[in-house]
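To keep things clear, I will list the structure first and then write my remarks on it.
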Amino acid sequence: MEIFANRKIRNLFTGMLSCAAAFTLVSSLLAVCAVENAEYYIITCSLCMAVVIMILCCLYFKEQHKIMENAKTQIVEYISGNKNVSIECNDDGELYRLFHEVNSLVTILNAHAENEKNAKKFLRNTISDISHQLKTPLAALNIYNGLIQDEAEEGKLSTIQEFSRLSEQELDRMETLVQNLLKIAKLDTGTIHMEKASENVSEIAADVKEHFLFRAQQEGKEICLSGSENASLLCDRGWITEAVGNLVKNALDHTGSGGIVHIEWRAFPSIVQIIVKDNGSGIHPEDLHHIFKRFYRSRFSKDTQGIGLGLALTKAVVEVHSGTIEVDSELGKGTVFTMNFPI
């Protein structure tokens with residue numbers, strides 16, 4: 001019986017049974033030996049047995065009351081704000097299993113509170129980062145617009161066109177920032193429903209290449225594709241295209257004229273790999289463990305236009321597909337990003 005799992009209950013019942021056995025033994029001896037006035041002795045023994053049993057019960061319930069009061073005190077302290085309370089549950093039995101569940105509940109509540117605290121801190125930092133990121137293009141736009149107005153008064157059409165182009169470039173940066181923030185927020189909150197289907201990986205890679213082909217040609221760079229034509233992946237095509245595209249954009253950003261960006265894919269029995277590698281400037285070892293953080297900007301990077309969201313968005317997309325992403329890089333030789341998707 002589960003009730004006897006508790007040591008103290010076992011001791012209580014053992015004491016009561018011992019008293020009953022002793023009373024039975026003494027009564028039997030008195031009856032067998034035909035002791036004079038045996039009935040009085042038997043009554044006296046029964047009273048003694050009752051007193052002993054009552055004492056045992058009082059001691060047991062007094063101790064149980066003390067344990068319950070201690071548990072109550074700990075719960076009240078937790079409600080009052082002490083998050084480090086814990087109810088002792090160093091014995092067996094239903095009561096101690098209840099205490100263990102209460103301790104587990106406290107741990108879960110503390111974890112939720114810590115997550116909520118971290119979420120608020122992250123939100124505060126994110127808002128600060130967004131404000132900082134938007135200040136640069138907004139300040140540039142104000143300057144460009146002022147210069148455009150000045151040049152318009154002097155009739156310098158070529159200068160107006162140049163500053164208009166720069167204004168459009170800054171507006172594009174702001175739009176990219178806002179769009180990426182919205183995408184990451186949707187992925188974080190789980191409000192996006194992934195429309196997963198079996199997609200041909202070579203077609204996804206071809207779409208990405210086509211999107212960046214004009215830029216690559218303008219900058220004197222090359223995008224190469226390599227992989228099986230039959231490899232397929234269960235995924236949301238739009239989001240995976242976005243993830244691979246961010247890696248290709250990052251590779252183009254850090255590859256000089258004459259550079260080559262490779263998009264490769266491999267199908268194994270348990271995973272599908274999509275690899276994006278380049279022969280660009282590489283990533284400094286100090287940055288390798290931070291590049292997937294939002295708004296992270298390396299102090300070694302010469303890229304002044306990036307906003308530090310592309311790789312974070314890629315990592316989020318890969319993880320939503322139950323995959324992992326790895327990076328390997330060597331300064332001056334290039335970088336390799338490997339995305340692993342389980343089949």
Side-chain angles (χ1 to χ4, degrees), residues 129 133 173 176-177 180 183-184 187 201-202 204-228 231 233 235 239-268 271-321 323-342:
D129 288 335
Q133 292 289 338
R173 284 185 63 198
T176 301
L177 171 63
N180 284 341
K183 290 172 183 175
I184 289 179
L187 287 170
V201 182
S202 64
I204 294 174
D207 289 344
V208 174
K209 178 179 179 179
E210 182 180 358
H211 180 76
F212 289 99
L213 187 59
F214 179 75
R215 174 188 169 180
Q217 291 173 344
Q218 291 293 108
E219 297 176 358
K221 303 170 186 176
E222 186 179 355
I223 301 176
C224 299
L225 307 183
S226 174
S228 170
L233 175 64
C235 65
W239 282 104
I240 291 297
T241 302
E242 175 98 20
V244 178
N246 285 336
L247 295 181
V248 172
K249 178 185 179 299
N250 186 74
L252 291 172
D253 288 342
H254 297 87
T255 303
S257 178
I260 302 175
V261 177
H262 293 269
I263 306 176
E264 301 176 1
W265 57 95
R266 305 167 184 167
F268 298 98
I271 64 169
V272 172
Q273 283 186 339
I274 301 178
I275 303 165
V276 176
K277 61 181 180 180
D278 62 69
N279 58 350
S281 58
I283 302 171
H284 196 279
E286 179 182 302
D287 299 321
L288 279 176
H289 299 292
H290 306 285
I291 59 172
F292 293 110
K293 293 179 180 178
R294 299 170 192 184
F295 300 106
Y296 180 76
R297 296 291 301 279
S298 169
R299 63 189 180 96
F300 305 101
S301 177
K302 297 179 181 179
D303 176 20
T304 59
Q305 299 298 315
I307 55 178
L309 279 178
L311 293 179
L313 178 58
T314 295
K315 184 174 185 291
V317 171
V318 171
E319 290 178 347
V320 167
H321 284 81
T324 59
I325 183 168
E326 304 166 0
V327 59
D328 186 27
S329 185
E330 188 173 350
L331 279 177
K333 293 189 176 181
T335 303
V336 180
F337 285 94
T338 304
M339 293 180 287
N340 302 297
F341 298 97

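Just so we're clear, the structure is a prediction, and the values are computed from it rather than from any experiment.
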Note, Q273 side chain near T338 side chain (heavy atom, < 4.5 Å):
yes
For F268, does the CZ atom have more than 12 heavy-atom neighbours from other residues, nucleotides or ligands under 6.0 Å away?
yes
For A231 and A267, the nearest pair of non-hydrogen atoms, with its separation, is CB-CB, 4.2 Å
Between V208 and G245, the two heavy atoms sitting closest are CG1-CA, 3.9 Å
Are the side chains of L233 and W265 in touch, meaning some heavy atoms are under 4.5 Å apart?
no
Would you find a donor on one side and an acceptor on the other, under 3.5 Å apart, between the side chain of S329 and the backbone of G334?
yes
What is the distance from atom CG of N246 to atom CG of L313, rounded to the nearest 0.5 Å?
5.0 Å
Do I325 and N340 have side-chain heavy atoms sitting under 4.5 Å apart?
no
Do the side chains of C235 and I204 get nearer than 4.5 Å, heavy atoms only?
yes
Is there a donor-acceptor contact under 3.5 Å from the side chain of N279 to the main chain of I260?
yes
Gap separating the CD1 atom of I275 from the CG atom of L247, nearest 0.5 angstrom:
11.5 Å
What are the two closest heavy atoms between T255 and G280, and how far apart are they?
OG1-CA, 3.9 Å
Note, I240 side chain near H321 side chain (heavy atom, < 4.5 Å)
yes
Flag yes if more than 12 heavy atoms outside H211 fall under 6.0 Å of its NE2 atom; otherwise flag no.
no
Just so I know, are the side chains of I274 and F337 near enough to count as touching, which here means a heavy-atom distance under 4.5 Å?
no
Has K209 got a side-chain atom pairing as donor or acceptor with L225's backbone, closer than 3.5 angstrom?
no
For T314 against A243, the heavy-atom pair lying closest together
OG1-O, 3.2 Å
Do the side chains of L252 and F212 get nearer than 4.5 Å, heavy atoms only?
yes
Separation between OG (S281) and CG (L331), nearest 0.5 Å, reads 8.0 Å
Check I223 against L213 and note the closest heavy-atom contact, atom names and distance.
CD1-N, 4.5 Å
Shortest non-hydrogen pair, M339 vs V244, comes out as CE-CG2, 3.6 Å
Approximate separation, where rounding is to 0.5 Å, of S257 OG and K221 NZ:
7.5 Å
Given K277, which of E326, E330, E264 fulfils the salt bridge (charged side-chain N to carboxylate O under 4.0 Å, His left out) condition?
E264
K315, NZ atom: more than 12 neighbouring heavy atoms under 6.0 Å
no
